[in-house]
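Here the structure is laid out as structure tokens; the discussion comes afterwards.
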Amino acid sequence: MRSLVDETHYEVLELGREASGEEVERAYRMAQSTYAPESLATYSLLGEDDAAVLRERLELAYEVLSDPASRQRYDEVLDGHDDGGAAQERSLQLPSLESEPPAPEPLRLRAPAALPIEGFTDEEEPDAPYDGARLRRARLARGVEVDQIAEITKVNPSYLHFIEEERFDDLPASVYVRGFVTAYARCLGLDAALAASSYLERLRQHRSEAEETRSWGRG
Amino acid sequence: MGPVPDGARMIAIGGGKGGVGKTFLAANVAVCIARAGYEVVVVDGDLEGANLHTCLGIPPPPRSLADFVANREEDLVKLLVETREPNLRLIAATHANLASAQPGHFQRVRLVSRLRQLPVDLVLIDLGAGTHPAVMDYFLVSDDGVIVFSPEPTSIENAYAFLRAAFYRRMRLGMMTHSVRALITQAMDQHNERGIRTPADLLREIETLDPGEGVRFVSTVRSFRPRLLVNEVRTAEEIKLGFSVRSVCRSYFGLDAEYLGYVNHDPGVRRSVVARRPLVDVQPDCDASVYLQRVAHKLIQGLGAPGVGPELSG
Ligand SMILES: Nc1ncnc2c1ncn2[C@@H]1O[C@H](COP(=O)(O)OP(=O)(O)OP(=O)(O)O)[C@@H](O)[C@H]1O
Ligand SMILES: [Mg+2]
């Protein structure tokens, strides 16, 4: 259990060596919010000084890993062929210097390669139809708020809420709803065709039932 | 939390703070697991605030853990109470002796070993609030320890206090030498003279004192995997809190905690408690019920197919 200060840049960001640039970006943003001043996650456990040290460490890790050239140089150092094998030699020598019992593998050498928030995405059957609640659960599992979708898709956030809550009577004509649901699903990386067709089917059913009730009322 | 080859798997639901939803979660998750076909016993571990039976819609049972604590009944099978679910039985904690509710140390050891011997697949213990030694014991002997918290500073604070208590107790149990155990006891006092503030400080001290114990300390840390459950989330941001807490567990304790899942805040929960019915019964399709199912599903991973456990008799 080394302190974060002794860890590799990858370990600091809880990433595997093969992490993509986008994964580095997201892990960094996640960690930034974890160790931000006033963060709920560190409340009562880490003092502001401790958190500040960790934030500095994060910045350094991000600086190196977010730039492809510096990341490559760093990878070479990690792989031990940067300076004519000096690093490799060091790593070969170190264990023999100690006569203590062999140390167990360091804790959490390799963090899961997946982005943290993706741990929850695939928990529902992929081919199952989408209703408002499932769209909401998929959004939440990806760590996305309604306003963020609204900003990206330019769809009025009230409509996005109506879609999730299935307030069909407050939604516009189905051609618009199809567009909104498609944009919503794309934004989250969901199967947009499946989302739109299954949601529109629910909308159609609701509206035809409502229509039937109305005509009964008249008749 | 080493798995035991024979005997029921034990899961404890704790978290320090009162009212974060431990009992509500225990009742609903137990129902979900029972419906998946496993034989489940859910135990009310809260002798000072028994109410698990209420969440399951059962009137206060005349037999309970209190009879075991008072040495009136040794056979836990006799304390089992049927629920509405065919595969789910309850051991209640009703009518505890107000003068001395908690079992003593040896009683706890006996209780835990008997719980494991119950002829079922899974024993789920709902813990009381706080960090009483009895609560910590049940948490640490379980195969899975779930820490419940909600996205509020008070709840986070108590969850970390709970985790610190669990961590140091667990580490102390894992050490061989008296001197290192004494050192850990010292470190449990946050104002200790040696200036040990964090688990990393403690490890450094242990390594200086006895490198072999240092190695043992690290492997004990690695074998401890608390599972985090965030209750009453309202936003995506609050769901992410589980990942952040996991990350802090790693950087502060060196622990590889698992983010087990989350359950959203839903006014239906309160209605279900008032109706004394599990939420997954009253509103099986609401988001909270879907999330409870997910949590149950994750907890039974690695349990094997249901229905292979021995039949309950008596
Ligand atoms: N997800 C939720 N949404 C809405 N309300 C909730 C939720 N979870 C719990 N509650 C409310 O919180 C109340 C307290 O829950 P519960 O009794 O399960 O807490 P507890 O952690 O067991 O408390 P104690 O430590 O006192 O045993 C419930 O009766 C319910 O009204
Ligand atoms: Mg309770």
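What you see is a predicted model; the values in this text were computed from it and never measured. Throughout, protein chains are lettered first and strands after them, A, B, ... in sequence-line order, and every chain is numbered starting at 1. The figures that follow rest on heavy atoms only: side chains count, while hydrogens, waters and symmetry mates do not.
Arg164(B) places a side-chain heavy atom less than 4.5 Å from the side chain of Leu45(A).
Here the closest non-hydrogen pair linking Met30(A) and Lys240(B) is CE-O, 3.4 Å. Scanning both residues, Glu14(A) and Ser247(B), for their nearest heavy atoms gives OE2-OG, 2.8 Å. Considering all non-hydrogen atoms of both residues, Leu46(A) and Tyr252(B) come closest at CD2-CD1, 3.5 Å.
The local environment of CD in Glu38(A) is sparse, with at most 12 non-hydrogen atoms from other residues, nucleotides or ligands closer than 6.0 Å. Around CZ of Arg207(A), the count of heavy atoms belonging to other residues, nucleotides or ligands within 6.0 Å exceeds 12. The number of heavy atoms from other shown groups lying within 6.0 Å of CD (Glu165(A)) is above 12. Counting heavy-atom neighbours within 6.0 Å of His297(B) NE2, excluding the residue itself, gives a total of 12 or less. Within 6.0 Å of the CD atom in Glu151(A), the count of heavy atoms belonging to other residues, nucleotides or ligands does not exceed 12. Within 6.0 Å of CD in Glu145(A) there are more than 12 heavy atoms belonging to other residues, nucleotides or ligands.
Shown here are the side-chain contact (heavy atoms from CB on, under 4.5 Å) partners of Gln186(B), two or more places apart in sequence or in another chain: Leu183(B), Arg194(B). For Pro284(B), there are no side-chain contact (heavy atoms from CB on, under 4.5 Å) partners two or more places apart in sequence or in a different chain.
Top candidate by heavy-atom pairs under 4.5 Å with chain A, chosen from Leu163(B), Val245(B), Leu241(B), Asp285(B), is Leu241(B). By number of non-hydrogen pairs under 4.5 angstrom with chain B, the leading residue of Arg139(A), Arg136(A), Gln148(A) is Arg136(A). When the candidates Thr198(B), Val233(B), Thr235(B) are compared by the number of heavy-atom contacts under 4.5 Å with chain A, Thr235(B) comes out ahead. Among the candidates Ser39(A), Ser44(A), Ala41(A), Ala133(A), the residue making the largest number of heavy-atom pairs closer than 4.5 Å to chain B is Ala41(A).
How far CZ of Arg294(B) is from CZ of Arg137(A): 6.5 Å, rounded to the nearest 0.5 Å.
Looking at Arg134(A), neither its backbone nor its side chain comes within 4.5 Å of chain B, counting heavy atoms on both sides. Glu152(B) touches chain A through its backbone: at least one of N, CA, C or O sits under 4.5 Å from a heavy atom, while the side chain does not. For Tyr291(B), the part lying under 4.5 angstrom from a heavy atom of chain A is the side chain only.
Side-chain N or O atoms of Glu157(B) include none that pairs as donor or acceptor with a backbone N or O of Tyr43(A) at under 3.5 Å. No side-chain donor-acceptor contact under 3.5 Å links Tyr35(A) to the backbone of Ser244(B).
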